[in-house]
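Model, not experiment: these values are computed from the prediction. Index from 1, following the sequence.
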Amino acid sequence: MYTGRRKIQKDKDVEPTEFEETVAQALFDLENTNQELKIDLKDLYINSAAQIDVTGNRKAVVIHVPYRLRKAFRKIHLRLVRELEKKFSGKDVIMIATRRILRPPKKGSAVQRPRSRTLTAVHDAMLEDIVYPAEIVGKRVRYRLDGSKIIKIYLEPKERNNTEYKLETFSSVYKKLAGKDVVFEFPVTEA
C-alpha cells in the first residue's frame, strides 16, 4: 500500500483511514495505467476522502483536494471522475476543494477576516465544487411558515445530460457537509 500513500497527504501527520487509502491507491493505479491522465496526475494528491449514503443503496465518494491544486484537478475533472466511477462501481464521485472557515474577529480586534474564509463564502464555494462541471445560474431561498428554509439551485441546462442523474447525490452530499436542505433543478425554458 505504500505506493498509493504518496497520493494522500493529511494535516499534522494523521494516519489515513482504510477508505482513504483505497481512493489514494485508485488514483495511483490510474496514474500508472492510464496514459492520457498520467502526466496530469503526476503532481496531484488528495487531502481526504469519505463515503456518504445518498438514498437506498446508492453511495457517493467525496474527495477533498487541496485548495491550491483545485485548478489542476478541474482541468482533468471529467476524465478523472469517469475513471474513478468505473473503479468504484455504482458510486458517484464528487471532488471538493478543502477550505477553512475562520470565526468572526473579536470586538476591538484589529485583525480582519478575509471574505473567502467566512461561513457563507465557504458554503457557496462548496456548492460550486459539488455541481462542477455544471454551473449555477440561479439561486432561490424559500422560507416556509414553520421557519424552515429550502434553497433551490438552478443549474446550466446544457450540462443536463451529464448531471441529471446526480442531482439527488448533490443535495445529499451538500446536506451532509453544510447541513442545509438544497433542491437542484434545471430552469424551465419557455419557447
Are L167 and L155 close enough, and set up right, to give a side-chain contact (heavy atoms from CB on, under 4.5 Å), and what steps lead you there? CA-CA 10 Å; L167 295 181; L155 300 175; 3.7 Å; yes
I need the F186 CZ to E156 CD distance, nearest 0.5 Å. 9.5 Å
Honestly curious: do I101 and V173 fall in one hydrophobic cluster under the side-chain, below-4.5 Å linking rule? yes
Salt bridge flag under 4.0 Å for residues E128 and R70: no
Evaluate whether atom CD of E31 has more than 12 neighbouring non-hydrogen atoms of other residues, nucleotides or ligands under 6.0 angstrom away. yes
E15 side, atom CD; E21 side, atom CD - distance, nearest 0.5 Å: 7.5 Å
Would F73 and D129 satisfy side-chain contact (heavy atoms from CB on, under 4.5 Å), going step by step from the backbone distance to the final call? CA-CA 11 Å; F73 270 106; D129 285 348; over 6 Å; no
If we check side chain to side chain contact (heavy atoms under 4.5 Å, CB included) with I153, which of these qualifies: V137, V182, V183? V182
First locate atom CG of L119, then atom CG of D124, and finally report the distance between them rounded to the nearest 0.5 Å. 9.5 Å
Shortest non-hydrogen contact between F88 and T22, atoms and distance: CZ-O, 4.3 Å
Ion pair present between D181 and K175, side-chain N to carboxylate O less than 4.0 angstrom? yes
Check whether L177 and F184 end up in the same hydrophobic cluster, where Ile, Leu, Val, Met, Phe, Trp and Tyr are linked by side-chain heavy atoms less than 4.5 Å apart. yes
Can you tell me which residue among L44, L80, N32 is in a side chain to side chain contact (heavy atoms under 4.5 Å, CB included) with L27? L80
Atom CG in L78, atom OH in Y132: separation rounded to 0.5 Å? 7.0 Å
To the nearest 0.5 Å, what is the distance between CZ (R142) and OG (S148)? 9.0 Å
Between T169, D92, D53, which is the residue that forms a side-chain hydrogen bond (donor to acceptor under 3.5 Å, both in side chains) with K59? D53
Are R82 and E85 within salt-bridge range, i.e. N to O under 4.0 Å? no
N/O donor-acceptor pair under 3.5 Å between N47 side chain and H64 backbone: no
Is the shortest heavy-atom distance from the side chain of D29 to the side chain of Q25 under 4.5 Å? yes
Is Y67 atom OH crowded by more than 12 heavy atoms from other residues, nucleotides or ligands, each under 6.0 Å away? no
So which heavy atom on D43 is nearest to which on L69, and how close? O-CD1, 4.3 Å
Look at the side-chain heavy atoms of Ile, Leu, Val, Met, Phe, Trp and Tyr, link any pair under 4.5 Å apart, and say whether I94 and I151 land in one connected group. yes
Contacts of R113 that satisfy salt bridge (charged side-chain N to carboxylate O under 4.0 Å, His left out) - sequence neighbours left out: none
Closest heavy-atom pair, Y154 versus K139, reported as atoms and distance to 0.1 Å, is CD1-N, 4.4 Å
Quick check: is V65 connected to L30 through a chain of hydrophobic side chains (ILVMFWY, heavy atoms under 4.5 Å apart)? yes
Would you say that more than 12 heavy atoms from the other residues, nucleotides or ligands in this model lie under 6.0 Å from the NZ of K176, or not? no
Taking it one step at a time, do E20 and V14 satisfy side-chain contact (heavy atoms from CB on, under 4.5 Å)? CA-CA 12 Å; E20 289 172 341; V14 178; over 6 Å; no
Just wondering, are more than 12 heavy atoms of other shown residues or ligands nearer than 6.0 Å to CZ in R79? yes
How many angstroms lie between CZ in R117 and CD in Q112, if you round to the nearest 0.5 Å? 13.5 Å
Hey, quick one: are M126 and V81 part of the same hydrophobic cluster, counting side-chain heavy atoms closer than 4.5 Å, chains of contacts allowed? no
Residue pair V93, K166: steps toward the side-chain contact (heavy atoms from CB on, under 4.5 Å) verdict: CA-CA 10 Å; V93 176; K166 284 186 174 183; 5.8 Å; no
Only one of L84, I46, I130, V62 passes side chain to side chain contact (heavy atoms under 4.5 Å, CB included) with M95, and that residue is L84
